[in-house]
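Heads up, the thing below is written out as structure tokens.
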Amino acid sequence: MARQRAGRGAKIVQLRDKDSSDRRLLEKARYFRRRTTEAGALFLVNDRLDIALMSGADGLHVGQNDLPPEEIRRLAPDLVIGQSCNTEEQARRLGQQEQRSELVLSYYNIGPIYPTGTKDGLAEFIGPEAIEAYSRHCSLPFTVMGGIKEHHVEDLVRAGARRIAVVTAVTDAEDMAAETARLISRITTALEERDG
Ligand SMILES: Cc1ncc(COP(=O)(O)OP(=O)(O)O)c(N)n1
Ligand SMILES: Cc1nc(C(=O)O)sc1CCOP(=O)(O)O
Ligand SMILES: [Mg+2]
């Protein structure tokens, strides 16, 4: 993906790799760190705090069954930390932590919005209507993810999204860089139409 400069123009690039050996993952993370720094993009690692710290990543994304954000924050006070939110109850809990000034996250993700084959065992897809319902609980920035393709962009932005995260929309594209550019352009236009 980095070879084709797939993330060119993306503001955030996440390294999500469940298969590489630890040593290879670290090499990849250091490569992504160099390339995202050159591109002025934020670099996040999925799941692995050790790899995030050793590669100098800006942040870490964790799911509900991954490392606990509070303990990550204790070890890494300056790291961007994001967490997946797959049910409204989870979003409500983030809101309650926020009210108590106990929220350590930098952002959260709402999803899966549409059906996706990228991850086995994910919760049922929740549809774009869930964006408004979930995001009203917590004022942090959020991304939306799950089965999102280019033609979904306008619906998602109308439903309240600003930051759209994709895997296969880009990785399955013949020209990943061109697809990234198309997505960014469509998101920018939809946001301009919505927000003026
Ligand atoms: C931006 C973003 N949102 C959600 C996820 C999914 O995280 P998780 O639920 O831990 O699943 P895996 O990606 O680890 O399979 C994500 N990676 N990024
Ligand atoms: C791994 C993952 N987590 C999600 C969540 O909503 O928590 S959606 C997702 C898969 C995203 O891949 P694609 O863009 O190919 O559907
Ligand atoms: Mg995870």
Side-chain angles (χ1 to χ4, degrees), residues 1 6-7 10-20 22 25 28-29 32 36 41-53 55 57-72 76 79-91 93-94 104-135 137-138 140-153 155-156 159-174 176 179-180 182-184 186-187:
M1 175 159 150
K11 292 190 180 147
I12 306 176
V13 175
Q14 180 190 129
L15 174 58
R16 178 177 182 274
D17 178 344
K18 306 274 184 179
D19 301 322
S20 291
D22 286 3
L25 188 58
K28 286 187 186 179
F32 270 61
T36 48
L42 213 63
F43 172 47
L44 307 185
V45 171
N46 187 43
D47 293 341
R48 297 287 300 267
L49 178 60
D50 51 353
I51 302 290
L53 294 177
S55 65
D58 299 300
L60 179 70
H61 187 92
V62 289
Q64 292 286 326
N65 294 316
D66 297 329
L67 295 174
E70 298 73 21
E71 296 192 43
I72 299 168
L79 209 61
V80 170
I81 305 175
Q83 189 177 39
S84 313
C85 200
N86 304 121
T87 66
E88 188 168 355
E89 184 49 35
Q90 291 164 1
R93 273 205 296 274
L94 294 186
V104 301
L105 297 179
S106 315
Y107 76 94
Y108 61 104
N109 183 73
I110 298 175
I113 304 293
Y114 301 112
T116 173
T118 299
K119 185 178 169 80
D120 289 335
L122 256 182
E124 182 69 9
F125 73 94
I126 55 180
E129 322 71 59
I131 296 172
E132 207 275 323
Y134 285 29
S135 65
H137 294 292
C138 178
L140 279 186
F142 63 89
T143 50
V144 296
M145 197 191 205
I148 297 172
K149 307 296 173 208
E150 201 195 319
H151 66 272
H152 292 128
V153 163
D155 281 352
L156 293 169
R162 294 196 68 76
R163 299 167 189 85
I164 296 179
V166 299
V167 179
T168 45
V170 166
T171 57
D172 283 356
E174 209 151 286
M176 293 195 276
E179 183 55 29
T180 305
R182 265 197 300 276
L183 274 161
I184 291 167
R186 215 150 154 170
I187 294 166

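Position 1 is the first residue of the sequence, and the numbers go up from there. When a ligand or atom number is given, it counts from 1 through the structure's own listing order.
Remark: ligand 1 atoms within the under-4.0 Å shell around heavy atoms of Met145 are 2 (C), 3 (N), 4 (C), 5 (C), 16 (C), 18 (N). For ligand 1 and Thr143, the ligand atoms under 4.0 Å from any heavy atom of the residue are 1 (C). Those atoms of ligand 1 with a heavy atom of Asn46 less than 4.0 angstrom away are 12 (P), 13 (O), 14 (O), 17 (N). Within ligand 1, counting atoms from 1 as listed, the ones closer than 4.0 Å to a heavy atom of Asp47 are 10 (O), 14 (O). For ligand 1, the atoms lying closer than 4.0 Å to a non-hydrogen atom of Asn109 are 1 (C), 3 (N), 4 (C). Numbered from 1 in the order shown, with element, the atoms of ligand 1 that lie under 4.0 Å from a heavy atom of Gly63 read 8 (P), 9 (O), 10 (O).
Looking only at protein heavy atoms, the nearest one to atom 13 (O) of ligand 1 is Arg16 NE, 2.6 Å. With hydrogens left out, the protein atom closest to atom 10 (O) of ligand 1 is Asp66 OD2, 2.8 Å, a heavy atom. Summary of contacts: the protein heavy atom closest to atom 18 (N) of ligand 1 is Gln14 NE2, 3.0 Å. Atom 14 (O) of ligand 1 has its closest protein heavy atom at Lys18 NZ, 2.6 Å. Here the heavy atom of the protein found nearest to atom 11 (O) of ligand 1 is Lys119 NZ, 3.3 Å. With hydrogens left out, the protein atom closest to atom 6 (C) of ligand 1 is Ser84 OG, 3.3 Å, a heavy atom. The protein heavy atom nearest to atom 2 (C) of ligand 1 is His61 CE1, 3.3 Å.
Ring geometry, Phe43 versus Phe32: the interplanar angle falls from 30° to 60°, so the pair is classed tilted.
Residues satisfying the side chain to side chain contact (heavy atoms under 4.5 Å, CB included) test with Arg16, not counting sequence neighbours, are Gln14, Lys18, Asn46, Thr118, Lys119.
For the pair His61 and Ser84, the tightest heavy-atom approach, listed with the atom from each and the gap, is NE2-OG, 2.9 Å. Counting all heavy atoms, side chain and backbone alike, Ala41 lies closest to Ala10 at CB-O, 3.5 Å. The shortest heavy-atom contact between Ala52 and Leu60 is CB-CD1, 4.2 Å.
In this structure, Tyr108 contributes its side chain and Gln90 its backbone to no donor-acceptor pair below 3.5 Å.
In terms of polar-atom proximity, defined here as any N/O pair under 3.5 Å, Tyr107 makes no such contact with ligand 1.
The OD1 atom of Asp47 and the OD2 atom of Asp66 meet at the Mg ion (ligand 3) at an angle of about 90°, given to 10°.
Residues lining ligand 2 at a heavy-atom distance below 4.0 Å are given as Arg16, Ser84, Asn86, Asn109, Gly111, Pro112, Thr116, Thr118, Lys119, Leu122, Met145, Gly146, Gly147, Val166, Val167, Thr168, ordered by chain and residue number.
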